[in-house]
Colleague: 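Mind looking over this structure? Questions follow.
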Amino acid sequence: MDGARDIKMNSKTKSMSMIESIRDAHDVMMGRDDNVVVFGEDAGFFGGVFRCTEGLQQKYGKHRAFDAPISESGIVGAAVGMAAYGLKPCVEIQFADYMYPAYDQIVSEAARLRHRSNGEFTCPLVVRMPVGGGIFGGQTHSQSVEALFTHVVGVKTVMPSNPYDAKGLLIAAIEDPDPVIFLEPKRIYNGPFDGHYERPVVPWSKHEKGMVPEGYYAIPLGKAAIAREGREVTVLTYGTMVHVALAAAEETGIDAEVIDLRTLVPLDLEAIEASVKKTGRCVIIHEATRTSGFGAELSALVQESCFYHLEAPVLRVTGYDTPYPHAQEWDYFPGPARVGEALTKIMEN
Amino acid sequence: MGRENSDMQQATDKDYPPLNLHVPEPKTRPGDKPDFSHIKISPVGAVAKPEHDVSAQDIKDLAFEMVRVMDEHGKPQGEWALELDEEILRKALRAMMRIRAFDKRMMRAQRQGKSSFYMQALGEEAIAVGQQLVLQKGDMNFPTYRQQGLLFAQDFPVMDMMVQIYSNDKDNLGGRQLPVLYSFKQAGHFTISGNLATQYIQAVGWAMASAIKGDRKIATGWIGDGSTAENDFHSGMVFAGVYRAPVILNLVNNQWAISSFQGIAGGEVSTFASRGLGYGIPSLRVDGNDFLAVYAASQWAAERARRNLGPTFIEWVTYRASAHSTSDDPSKYRPKDDWEHWPLGDPIERLKQHMILRGFWSEERHIQAQAEYEDEMRVTAEKAESYGTLHAPKTKRSPAEMFENVFADMPPHLRRQRQEMGV
């Protein structure tokens, strides 16, 4: 329960999927703050194609949870105006792959209102979007877009890996005074996926992070979590890949320390440094394409801050620099075999 | 798959002439005699004034005609004519004349190297001034860079604008923004983006927020003819129409983007106002150089918004008499004497004429006022310059300031970068 604040010692927990915990975060915040409004394509009456906003319109009324036209630039642009007014919009982009029309509104507007107006206007909004593959979504429902946001000044970028974190991080994102991009790995909406697509699906009810406290709690943005303690190699990762990394560590028997970054900007460099200095080795894993991916930034930071502690070159395991393929999904996806090879290779040095 | 349909044949010259791409071209270019015969102008007073709760469909013609109030003698005509108080007219004329004096002074300062950039509103002063005069405290404007009239109409201190243009010690934006991209929240003036059209949908979002909260504030959005081609224009119109947002959506058609004329944005095939009809938004085409028409149309639109009747789309027909900015020379792309032939005239001259007709203004007082305002701007500019200019700052701005206000709380990586800078 590292990093969580405001959880009452005796607070009740409930088994939730990531969809349910995200929905619960909305519910908690809409109940606490009348200024929180939710909208997106199919997000109102129906509750979103992934059902993350289900029931909110029925509970809070259609002024606070409503359907938006199929216009990502419109959704985010309107949210910028609402945020400037004083509301706290939490909007949904149906798939991260559809985000591009909204990019200008995020990069040039939401991210810079505070700076360009010298603090006169601010933009406290959350843009949620499902990311990643593993669902046979093809190239238009599978992309991981985090690096397109981490490169942008003035936005925070978050990607949870489990229901417990998703709820606490989303609450923190809604409370944050600045724009937050909240990336939801859709492959783990319903259960922790470790890359073994050939095995039966495991639901969150079978996982300890599927036990989610009821009511309010927040996980501060900018704090990583140690998903597995280890001494031999540090694995830096986030989202679905946390579970792949854990599987690879078990399968190779390599004592990896798996750091779940949770927030990419701001980044918990302290946690990264402490771990890499301890293990002397670092493997970075993400599902996104490799060139100029967030792994490049992580690699540079590790080199800058831990160079004299490194026993081996930093390795990256990532998606390939191709569009996300449909039929060859499992060749593309950086599964436990590829991650295991990298762990084995780095231990050879 | 891949097989040709045997019945299909390619067209030949016998069937059709070769295709030919249409690239719009303005009627006149440098060296030509100005010609505005393509601007459709309705007779003064000819256009009916509808009820506030009208539907877009019921007033289709208003998107193609032109609301005009003052005749060539300055006499108000027709249903849109209002008997405006002397006080309002004086205020309007004063604001418009002060803008012109301010622009002149700030252009000069830029030429002298005291600022990096400037943009004038020459020839289109009536529009922002007229609209601001119907707004109330708490309303929010989402302007482009040519609506300084929104500030002048509220007697906003010109000193605060000048120090921003000079990026000096007193600049409320701390030297962050290009000159004229003001932000004055207390004056209902949203921080201006240099990216065009992005703020149109934001104005709609702000207005939606006011309606969500059951407030009484309205918003105004501003866009030019050129940037109506941007997708954010469409987003703004869709959202405004769908949610019936309490917003006035202004489109200033000043005929020119930078060097491309309004035909490149689609103005050749229909009026810009007519675009509003497809979104179900009541749409007006108005003489933007006729202060009385501007005021009346703005008031009608504001009333609709305040009564929860939804958005109004207004195309203000005017002419950008100045260059786009200090970075272009219009004599390279249009006739030098174009403005002198602009059929809707000069908004200041037309309002002056009306006020003289009403009996509370004269040529002499006009000349006096002009001298007074030019003097005021000279004196204020000198004072503003005493706080420093871009390249001759009074005190060197700390580079550490650029790290402030990126986020509410400075995250560790920014703190580290600032420290690396040694500040």
Side-chain angles (χ1 to χ4, degrees), chain A residues 34-35 37 39 61 63-64 66-87 89 101-102 104-105 107-124 153-156 176-179 221-222 263 265-270 301, chain B residues 140 142 171-178 181-186 190-195 197-215 217 219 221 230-232 234-236 238-239 242-243 245 247 401-402 404-414 416:
Chain A
D34 285 346
N35 288 323
V37 295
F39 58 102
H63 285 91
R64 294 188 58 203
F66 53 90
D67 289 323
I70 303 173
S71 168
E72 290 75 18
S73 70
I75 291 168
V76 178
V80 170
M82 290 180 188
Y85 179 94
L87 299 190
D104 189 27
Q105 286 289 346
V107 176
S108 313
E109 301 292 327
R112 294 200 224 130
L113 279 197
R114 179 187 293 280
H115 193 259
R116 79 171 191 233
S117 70
N118 208 7
E120 264 200 348
F121 290 93
T122 61
C123 198
V153 295
V155 293
K156 298 179 179 177
D176 199 272
D178 288 305
L221 306 185
T263 305
V265 174
L267 183 69
D268 191 348
L269 189 57
E270 263 179 55
L301 286 168
Chain B
M140 186 63 74
F142 290 73
D171 171 9
N172 73 320
L173 302 183
R176 286 165 157 74
Q177 265 289 37
L178 204 63
L181 300 185
Y182 310 114
S183 175
F184 295 116
K185 192 174 186 178
Q186 291 311 313
F190 192 70
T191 161
I192 302 176
S193 175
N195 287 27
T198 48
Q199 303 194 211
Y200 221 50
I201 174 67
Q202 293 166 11
V204 175
W206 195 97
M208 286 169 68
S210 181
I212 287 170
K213 297 303 281 182
D215 212 334
K217 299 168 190 164
E230 291 280 7
N231 78 35
D232 284 314
H234 170 68
S235 307
V238 170
F239 276 63
V242 167
Y243 299 107
V247 62
E401 286 176 30
M402 74 174 90
E404 304 289 336
N405 275 323
V406 179
F407 294 101
D409 302 309
M410 195 181 297
H413 67 288
L414 278 183
R416 270 195 306 278

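Note on naming: letters A, B, ... go to the chains in the order of the sequence lines (proteins, then strands), and numbering restarts at 1 for each one.
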Colleague: So do Arg112(A) and Ser193(B) actually touch side chain to side chain, heavy atoms under 4.5 Å?
Modeller: no
Colleague: Calculate, to the nearest 0.5 Å, the distance between atoms CZ and CG belonging to Arg176(B) and Asn118(A) respectively.
Modeller: 4.0 Å
Colleague: Less than 4.5 Å to any heavy atom of chain A: does that hold for the side chain of Ala408(B), its backbone, both, or neither?
Modeller: both
Colleague: Using 0.5 Å steps for rounding, measure from the CD atom of Gln177(B) to the NE2 atom of His115(A).
Modeller: 9.5 Å
Colleague: With a 4.5 angstrom heavy-atom cut-off, could you sort out which part of Ala84(A) is near chain B: side chain, backbone, both or neither?
Modeller: both
Colleague: Based on non-hydrogen pairs under 4.5 Å, which of Ser210(B), Gly174(B), Pro412(B), Gly194(B) is most in contact with chain A?
Modeller: Ser210(B)
Colleague: Can you list the residues that meet the side-chain hydrogen bond (donor to acceptor under 3.5 Å, both in side chains) rule with Tyr85(A), with sequence neighbours excluded?
Modeller: Asp215(B)
Colleague: Tell me, side chain or backbone of Pro69(A) under 4.5 Å from chain B's heavy atoms, or both, or neither?
Modeller: both
Colleague: Got a second to check how far Asp178(A)'s CG is from Asn405(B)'s CG, nearest 0.5 Å?
Modeller: 9.0 Å
Colleague: Please rank Gly61(A), Pro266(A), Ser73(A) by heavy-atom pairs under 4.5 Å with chain B and give me the top one.
Modeller: Ser73(A)
Colleague: Given the options His63(A), Met82(A), Lys156(A), which has more heavy-atom pairs under 4.5 Å with chain B than any of the others?
Modeller: Met82(A)
Colleague: Which distance, rounded to the nearest 0.5 Å, do you find between the CD1 of Ile212(B) and the CZ of Phe66(A)?
Modeller: 4.5 Å
Colleague: Take a 6.0 Å sphere around CD of Glu401(B) and say whether it holds more than 12 heavy atoms from other residues, nucleotides or ligands.
Modeller: yes
Colleague: Do you know which of Tyr243(B), Tyr200(B), Phe239(B) has the most heavy-atom pairs with chain A at a distance under 4.5 angstrom?
Modeller: Phe239(B)
Colleague: Sort out for me which of Asp171(B), Asn172(B), Leu414(B), Val242(B) touches chain A most, counting heavy-atom pairs under 4.5 Å.
Modeller: Asn172(B)
Colleague: Could you look at Val238(B) and say if it's the side chain, the backbone, both or neither that has a heavy atom under 4.5 Å from chain A?
Modeller: side chain
Colleague: Heavy-atom cut-off 4.5 Å, strictly under: side chain, backbone, both or neither for Leu181(B) against chain A?
Modeller: neither
Colleague: Tell me the closest heavy-atom pair linking Ala78(A) and Ile201(B), and the distance in Å.
Modeller: N-CG1, 3.5 Å
Colleague: To the nearest 0.5 Å, what is the distance between NZ on Lys213(B) and CG on Asn35(A)?
Modeller: 4.0 Å
Colleague: Do we see a donor-acceptor contact under 3.5 Å between the side chains of Thr191(B) and Glu120(A)?
Modeller: no
Colleague: Counting heavy-atom pairs under 4.5 Å with chain B, which one of Asp34(A), Val153(A), Val155(A) comes out on top?
Modeller: Val155(A)
Colleague: Is Leu267(A) close to His413(B) at the side-chain level, that is, under 4.5 Å between some pair of heavy atoms?
Modeller: no
Colleague: Within the 4.5 Å heavy-atom criterion, are Thr198(B) and Asp104(A) side-chain neighbours or not?
Modeller: yes
Colleague: Answer with side chain, backbone, both or neither: which region of Ala68(A) has an atom nearer than 4.5 Å to a non-hydrogen atom of chain B?
Modeller: both
Colleague: Say you draw a straight line from OG1 of Thr122(A) to CZ of Phe407(B); how long is it, rounded to the nearest 0.5 Å?
Modeller: 13.5 Å
Colleague: Can you sort out the partners of Gln105(A) under side-chain hydrogen bond (donor to acceptor under 3.5 Å, both in side chains), two or more places apart, ordered by chain and number?
Modeller: Gln202(B), Asp232(B)
